[in-house]
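Written below as structure tokens is the structure these notes are about.
By convention in this document, chain letters (A, B, ...) are assigned in the order of the sequence lines, proteins followed by strands, and residues within each chain are numbered from 1.
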2 protein chains.
Amino acid sequence: MTNLSIGELSRQVAVKVPTIRYYEQIGLLPSPPRTEGRQRRYGAEDVSRLSFIRHARDLGFEVEAIRELLSLTAQPDQPCEPADRIVLRHLESVERRIAQLELLRTELRHMLEDCRHGPVRECRIIQVLADHDECRHEHGRVS
Amino acid sequence: MTNLSIGELSRQVAVKVPTIRYYEQIGLLPSPPRTEGRQRRYGAEDVSRLSFIRHARDLGFEVEAIRELLSLTAQPDQPCEPADRIVLRHLESVERRIAQLELLRTELRHMLEDCRHGPVRECRIIQVLADHDECRHEHGRVS
DNA sequence: CTACAACCTCCAGCGACTAGAGGTTCAAGA
DNA sequence: TCTTGAACCTCTAGTCGCTGGAGGTTGTAG
């Protein structure tokens, strides 16, 4: 549980070794103590913190949002509204992305339906791309 | 229509000037002729090609896929099945991303519903992140 | 004591742009 | 014809969140 090498921590939390070093570099994880030979040694606290980070990344939170969430956990008496707001903001961005991707899906399906499988010259797919006015919907860039 | 400067082309097609130079650099656009002072001059063919690229990017196609689609337009007698396959592959990836984002949306909504708006100590959002076993679903990384 | 797996640091690369520095050219108005 | 200044040029570096490799060092099991 304590005094884990970086490889052991990596296996426990399912985060790759270079990623752990990267998180330390950008200040998401504290610099752990080292052995005499300068190898990192981690404790239970690091396991929790890295798990938190991993779960948040799995949920698609950006590193900056995770940084804010982590700083909230250090203030357990403060109200949790800031956490609420971070999650809501993320939810809204997920919903925007879903909406955009659904528009995209519709367009791509139409393109495939319209294709008559002849030569490229007659291909609706290519024509739609070449002349965008033929398509059915407007849509913004997908992030 | 012909002999456009890069800025005029940019306005016509709604692609930023540095992006046009970038497309030239990676070989999506051919190197255009230059004035004596080494400024780029574009013709109608470039307008079409860049429009094609922009529409395909708007639909979320990767640059490599666009490269393949462009090379197909140069072979108008060949069958359009390769184009078909590229679009299908892209559609499938869009569908996978939608499915993942929908799982995410569900989880984020649950987190917000569970939050009782007390202090951080009692915040379900923070607890779920700290102890992932409490959450309802498994999900992979979002790309 | 010897192997050798695992560790270390530093740097480069991914994708698709975007921005800035520092210098040159074009074209319109005086 | 000259001047001004917007638009152009090249080159480099930064974005995000890692990931991989080179080349060298350390920890530990046998």
Output one line per pair: protein atom, nucleotide atom from nucleotides 18-20 of chain C, and distance, for all N/O pairs under 3.5 Å.
from, atom 1, to, atom 2, distance (Å)
C:dT18, OP2, B:T19, OG1, 3.1

Review point. Do A:I98 and A:E102 come close enough that some side-chain heavy atom pair is under 4.5 Å?
Key: yes
Exercise for review: Whole angstrom is fine here: how far is it from OH in A:Y42 over to P in C:dC7?
Suggested key: 10 Å
Point to revise | Length of the CZ-C1' vector between A:R41 and D:dG27, whole Å | key: 8 Å
Study note, to complete from the structure: Here the distance between atom C1' of D:dC18 and atom CZ of A:R54, to the nearest Å, is 14 Å
Review point. What's the spacing between B:R40 CZ and B:S5 OG if we round to 0.5 Å?
Key: 11.5 Å
**Study point:** Nearest-nucleotide 5' precedence on DNA chain D, B:Q25 against A:G37
**Key:** B:Q25
Point to revise | Nucleotide of D:dG17, C:dC7, C:dA16 approaching A:R57 most closely (side-chain heavy atoms) | key: D:dG17
Practice item. Spell out, as yes or no, whether a donor-acceptor pair under 3.5 Å connects the side chain of B:R96 to the backbone of B:Q100. Key: no
Review point. Are B:R34 and D:dT10 close enough that a side-chain N or O sits under 4.0 Å from OP1 or OP2?
Key: yes
Check your understanding: Of the nucleotides C:dC17, D:dG17, C:dT9, which one has an atom closest to the side chain of A:R40?
Key -> C:dT9
Review point. Does B:T35 put a side-chain nitrogen or oxygen below 4.0 Å from OP1 or OP2 of C:dC26?
Key: yes
Review point. Just how far is it from atom CZ of A:F52 to atom CG of A:L28, taken to the nearest 0.5 Å?
Key: 10.5 Å
**Study point:** Gap between atoms CZ and P, on A:R38 and D:dG27 respectively (whole Å)
**Key:** 11 Å
Check your understanding: Any ion pair linking B:R109 and A:E95 (charged N to carboxylate O, less than 4.0 Å)?
Key -> yes
**Study point:** Gap between atoms CD and C1', on B:E24 and D:dC8 respectively (whole Å)
**Key:** 13 Å
Point to revise | Presence of salt bridge, A:R67 and A:E62, under 4.0 angstrom | key: no
Review point. Out of C:dC26, C:dT9, D:dG27, which nucleotide sits closest to the side chain of A:R21?
Key: C:dT9
Practice item. Please state how far atom CG in B:N3 lies from atom P in D:dA7, giving the value in whole angstrom units. Key: 19 Å
Practice item. Tell me what B:I26 touches on the nucleic acid: a base, only sugar-phosphate, or nothing, going by heavy atoms under 4.0 Å. Key: nothing
Revision key, fill the gap. A:Y23 has its side chain closest, among C:dT25, D:dT28, D:dC18, to D:dC18
Point to revise | Atom-to-atom span, CZ of B:F61 to P of C:dG15 - whole angstrom | key: 18 Å
Point to revise | Closest nucleotide among D:dT10, D:dG17, D:dC8 to the B:V17 side chain | key: D:dC8
Revision key, fill the gap. Whichever of A:G7 and B:Q39 has the more 5' nearest nucleotide on DNA chain C, that residue is A:G7
Exercise for review: In whole angstrom, give the distance that lies between atom CD1 of B:I6 and atom C1' of C:dT25.
Suggested key: 14 Å
Exercise for review: Can you measure from CZ (B:R11) to CG (B:L4) and round to the nearest 0.5 angstrom?
Suggested key: 9.5 Å
Check your understanding: If only atom types and distance count, is the side chain of B:D46 paired as donor or acceptor with the main-chain N or O of B:G43 below 3.5 Å?
Key -> yes
